[in-house]
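So you know, we letter chains A, B, ... as the sequences are listed, proteins then strands, and number each from 1.
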2 protein chains.
Amino acid sequence: MDIKIPLEDVSLDSVFEKYEAKFKALADKKRLHIMNILTINGSMCVCDIEPIIGMTQSKLSYHLKILLDAGLIEKETKGTWSYYQVNQKELNALLSEQLCCIFKPPGCC
Amino acid sequence: MDIKIPLEDVSLDSVFEKYEAKFKALADKKRLHIMNILTINGSMCVCDIEPIIGMTQSKLSYHLKILLDAGLIEKETKGTWSYYQVNQKELNALLSEQLCCIFKPPGCC
DNA sequence: TTAATATATCAATATAATTTGATTAAGGAG
DNA sequence: CTCCTTAATCAAATTATATTGATATATTAA
């Protein structure tokens, strides 16, 4: 008796899961705003993003974690500060040239 | 007395809202699967997608509507059948070349 | 006309994501 | 050490999404 293992389906399914996570992270205008702010300002600590975006610290931390877990931003800790910046490579692999403009300095397009 | 209207912020905000809707539609592996099926098979009616994806009709209808409302797929009604297909132009504007492969015939890359 | 099929929608439920305020942990400054 | 700042996490409440099964509408077929 043969047992059929749908290898291709399984791998496609994991592809869908992978992109589901990334699109979920982008599927929120507050997080898109954070991405935009990080794009314009480069590396920033949480306390500097906070007044620009007008969000409480805990809320901001929550959304940063979602973007971080999805690999869309990167984090570097210096002492008690956490510096975040966009993961340009990941965004280029995910989004169109045209759309990447939102995540690049104003002069890029 | 001057009243400051933050025009740029308002328009940026509407940009974020627009993409939020599109990413929300993509932020679900079932819907990514639907996109993939439509990509491979071209235009399809609901009853033909149903057995491939293994979803009840009402559930499938629900997810198709979300993709349709986000402009990621297009619908054409013929009699009592609804034919859906991917909106290639929209996807090209949204996603990277590399990622668009999931939404194009296998031979494309 | 009657029966069958295709699809959309609705209301109720279930599940998941977000917000809030408080707490914790870890540094740095005095 | 003690106080203050930065940032992460937690539990509870709120809000948003998805699922289910039933029903409605429209079209086709007999």
Is any side-chain heavy atom of N41(A) less than 4.5 Å from a side-chain heavy atom of D48(A)?
no

Here's one to test your reading of the geometry: is the NZ or CZ of K78(A) within 45 degrees of the ring axis of Y83(A) and under 6.0 Å from its centre?
yes

Under 4.0 Å, heavy atoms only, any strand: does S82(A) hit a base, just the sugar-phosphate, or nothing?
sugar-phosphate

Taking E20(B) first and then K30(A), would you say they form a salt bridge - that is, a charged N and a carboxylate O separated by under 4.0 Å?
no

S14(A) side, atom OG; K29(B) side, atom NZ - distance, nearest 0.5 Å
10.0 Å

Atom pair distance, as rounded to whole Å: CE in M44(B) and P in dT7(C)
11 Å

Length of the CD1-P vector between I34(B) and dT7(C), whole Å
13 Å

What does nucleotides 16-23 of chain D look like as a protein-contact string, B for base, S for sugar-phosphate only, - for none, at under 4.0 angstrom between heavy atoms?
-SBBBBB-

Round to a whole Å and report the spacing from CD of E76(B) to P of dA6(C).
18 Å

Look at K75(A) and dA8(D) and indicate whether a side-chain polar atom (N or O) is within less than 4.0 Å of OP1 or OP2.
yes

Rounding to 0.5 Å, atoms NZ (K65(A)) and NZ (K75(A)) come to a distance of 8.0 Å

How many whole angstroms separate atom CD of E20(B) from atom C1' of dT15(D)?
14 Å

Distance-only, no hydrogens or angles: does the K22(B) side chain make a donor-acceptor pair with backbone N or O of A70(B) under 3.5 Å?
yes

Under 4.0 Å: is that the gap between some side-chain N or O of Y84(B) and OP1 or OP2 of dA8(C)?
yes

Y83(B) or M55(A), whichever maps to the more 5' nucleotide of DNA chain C:
Y83(B)

Which whole-number value in Å describes the distance from L60(A) CG to dT9(D) P?
13 Å

Does a side-chain heavy-atom distance below 4.5 Å link Q85(A) with I73(A)?
no

Given V86(B), D28(B), T39(B), I53(B), the one that forms side-chain contact (heavy atoms from CB on, under 4.5 Å) with I34(B)
I53(B)

So do Y19(A) and I102(B) actually touch side chain to side chain, heavy atoms under 4.5 Å?
yes

From NZ of K65(A) across to P of dT19(C) the rounded distance in Å is 16 Å

What string of B, S and - do you get for nucleotides 24-30 of chain C, 5' to 3', if B is base contact, S is sugar-phosphate-only contact and - is no contact with any protein heavy atom under 4.0 Å?
---SS--

